[in-house]
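One structure is given below, encoded as structure tokens.
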Amino acid sequence: MPELPEVETVRRSLEPIVVGRTIIDLDVGSFASVLGTISFDHARAALVGRRLTGIRRRGKFLLIDLDDESGIEVHLRMTGQLEVADRGAPPLRFQHLAILLNNGLDLRFADQRKFGRVIIHDGDPALALKSKLGPEPLETDFTSSYFQGVLRGRTAAIKSLLLDQRLVAGIGNIYADEALFLARIHPQRPGGSLAAVEVDALVSAMRDVLGSAIDQRGTTFRSYRDGTGQAGENQHRLNVYGRGRRGEPCFRCGTPLAYLVIGQRTSHFCPECQPLEIESR
DNA sequence: ACACTGCCCTGCGAGC
DNA sequence: TGCTCGCAGGGCAGTG
């Protein structure tokens with residue numbers, strides 16, 4: 001499940017290989033809606049001959065900039081993969097699109113569950129995302145006071161608010177659970193009930209879990225790979241995600257971890273380290 | 001504006 | 001062993 005650290009790892013691994021290359025053709029598989037509503041012919045007309053000038057990340061979106069000020073937006077959703085391979089190499093399993101480059105390499109998009117998309121924009125793809133995405137949690141404009149303002153008066157569970165991309169961009173289920181554990185905050189606490197010190201701890205925990213996950217080149221459970229097909233290592237560093245369902249012990253206190261479904265997402269936490277009642281803290 | 005639900009999609013692991 | 005069933009969940013549309 002690619003979240004900010006995984007998407008950033010894909011970006012970093014692709015950047016030196018694809019930037020500066022020119023698109024010579026496209027190859028689409030049977031799943032035409034990977035391109036959204038535009039036709040394959042339209043996509044080919046828009047992309048062939050374009051040079052890739054950069055690759056950026058915004059939240060969980062990858063943005064490929066082209067030399068005519070247009071761009072491509074890629075979202076991997078749950079099981080998407082974006083990988084570079086030699087033209088002669090066999091296609092990826094579940095491959096839906098290949099962008100053929102002038103250096104003998106193909107940029108390939110695969111997705112087992114067909115949730116991911118490759119969207120071609122006439123202009124800067126970042127503009128389309130501007131209204132949908134909050135600040136980047138690793139940038140300096142994501143401050144504790146900003147987040148405190150965002151949470152003020154909110155009654156929804158903090159876990160759900162962390163997943164709202166309009167409030168902060170790039171957090172998914174794994175890193176939301178990990179950050180709440182580090183900050184010792186129960187996932188069901190109403191967002192507006194967090195004290196200033198708790199928001200401080202949460203903001204700092206988000207930075208910690210995301211930063212170290214990038215250092216580990218992402219979390220690989222099953223399908224996630226970087227742009228060269230390499231798995232990440234962060235799955236060995238997780239404190240709670242996936243462990244609550246199995247009732248495994250908390251690494252901090254030994255209490256069996258628990259899980260709850262919040263906003264239709266499984267939330268793993270330590271009932272001892274992350275109490276729901278503020279009075280008992 | 002906010003909170004919440006249902007939808008998309010399919011391989012895989014659990015259970016029988 | 002072979003089968004069925006439900007889980008995994010990001011973003012978006014739709015409802016109240």
Side-chain angles (χ1 to χ4, degrees), chain A residues 1-8 10 29-37 57-63 73-82 92-97 109-119 121 125-126 128-134 136-137 147 149-180 187-194 206 210 213 218-225 231-232 235 238 240-248 259-269:
Chain A
M1 289 138 269
E3 305 180 24
L4 188 156
E6 290 73 32
V7 178
E8 177 61 21
V10 171
S30 56
F31 179 58
S33 344
V34 65
L35 293 168
T37 53
R57 181 193 55 73
R58 186 72 177 89
K60 305 175 200 173
F61 293 81
L62 275 173
L63 308 175
E73 161 200 328
V74 180
H75 201 297
L76 303 174
R77 297 287 180 101
M78 252 75 76
T79 50
Q81 290 170 253
L82 192 64
L92 293 168
R93 201 174 175 204
F94 313 116
Q95 180 171 315
H96 303 308
L97 180 73
F109 179 83
D111 188 3
Q112 174 203 117
R113 271 148 82 180
K114 302 184 179 176
F115 279 10
R117 290 292 182 272
V118 177
I119 303 297
H121 290 270
L129 300 177
K130 207 166 161 57
S131 63
K132 301 193 287 189
L133 297 180
E136 287 291 326
F147 207 48
V150 158
L151 297 182
R152 190 163 298 135
R154 302 292 292 256
T155 57
I158 183 63
K159 168 65 183 280
S160 298
L161 297 173
L162 287 177
L163 297 179
D164 187 337
Q165 304 297 299
R166 294 168 299 186
L167 309 184
V168 55
I171 311 277
N173 209 31
I174 298 174
Y175 299 107
D177 282 2
E178 293 297 314
L180 288 167
Q188 238 167 8
R189 292 270 305 280
S193 77
L194 269 60
M206 288 159 72
L210 295 171
T219 299
T220 295
F221 280 122
R222 193 176 307 151
S223 59
Y224 165 71
R225 296 290 185 278
Q235 59 277 16
L238 300 176
V240 287
Y241 183 81
R243 303 186 64 239
R245 237 191 207 297
R246 300 191 292 267
E248 293 177 20
Y259 72 95
L260 280 170
V261 176
I262 302 171
Q264 295 165 319
R265 269 143 191 73
T266 306
S267 300
H268 308 259
F269 66 103

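This is a predicted model, so every value here is computed, not measured. Within every chain, numbering begins at 1; the chains are lettered A, B, ... in the order of the sequence lines, protein sequences first and strands thereafter.
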[X] [atom1] to [N] [atom2]: how many Å, rounded?
| X | N | atom1 | atom2 | answer |
| --- | --- | --- | --- | --- |
| A:Arg246 | B:dG13 | CZ | P | 13 Å |
| A:Leu163 | C:dG11 | CG | C1' | 11 Å |
| A:Leu76 | B:dC9 | CG | P | 18 Å |
| A:Arg265 | C:dG6 | CZ | P | 19 Å |
| A:Arg166 | C:dC12 | CZ | C1' | 10 Å |
| A:Asp111 | C:dA8 | CG | C1' | 13 Å |
| A:Lys60 | C:dG11 | NZ | P | 4 Å |
| A:Lys132 | B:dA1 | NZ | P | 17 Å |

Nearest non-hydrogen partners of A:Thr79 and A:Arg113, listed with the distance: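 Here A:Thr79 and A:Arg113 meet closest at OG1-N, 3.2 Å.
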
Closest non-hydrogen atom pair between A:Phe269 and A:Val240, with its separation: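 Heavy atoms only, the tightest pair is CA-CG1, 4.3 Å.
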
Remember a base hit wins even if backbone is also touched, and classify [X] as base, sugar-phosphate or nothing at under 4.0 Å, heavy atoms.
| X | value |
| --- | --- |
| A:Arg117 | nothing |
| A:Phe221 | nothing |
| A:Gln264 | base |

Which comes earlier along DNA chain B counting from the 5' end, the contact point of A:Arg77 or that of A:Arg93, where each point is its nearest nucleotide?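 First, find each residue's nearest nucleotide; the 5'-ward one identifies A:Arg77.
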
Using the closest heavy atom to pick a nucleotide of DNA chain B for each, name whichever of A:Ala156 or A:Phe94 lands nearer the 5' end.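 Result of the comparison: A:Ala156.
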
According to the interplanar angle, ranging from 0 to 90°, do the rings of A:Phe61 and A:His75 count as parallel (below 30°), tilted (30 to 60°) or perpendicular (above 60°)?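 It falls in the perpendicular class, over 60°.
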
Any side-chain N or O of [X] below 4.0 angstrom from OP1/OP2 of [N]?
| X | N | result |
| --- | --- | --- |
| A:Gln112 | B:dC9 | no |
| A:Arg154 | B:dA3 | yes |
| A:Thr79 | B:dG11 | no |
| A:Arg245 | C:dA8 | yes |
| A:His75 | C:dG10 | no |
| A:Lys114 | B:dC8 | no |
| A:Ser160 | B:dA3 | no |

Considering only side-chain heavy atoms of A:Tyr241, which listed nucleotide, C:dG10, C:dG11, C:dA8, is closest?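 Out of C:dG10, C:dG11, C:dA8, the nucleotide with an atom closest to A:Tyr241's side chain is C:dA8.
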
So which nucleotide from B:dC12, C:dG10, B:dA3 ends up closest to the side chain of A:Asn173?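 That would be C:dG10.
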
Nearest 0.5 Å please: distance from the NE2 atom of A:His268 over to the CG atom of A:Leu180.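 If we round to the nearest 0.5 Å, A:His268:NE2 and A:Leu180:CG are 12.5 Å apart.
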
Please report the interatomic distance CZ(A:Arg154) to CG(A:Leu167), rounded to the nearest 0.5 Å.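 Rounded to the nearest 0.5 Å, the CZ-CG separation comes out at 5.5 Å.
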
Between the side chains of A:Arg57 and A:Glu136, is the shortest nitrogen-to-carboxylate-oxygen separation below 4.0 Å, so that they form an ion pair?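 Answer for the salt bridge query: yes.
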
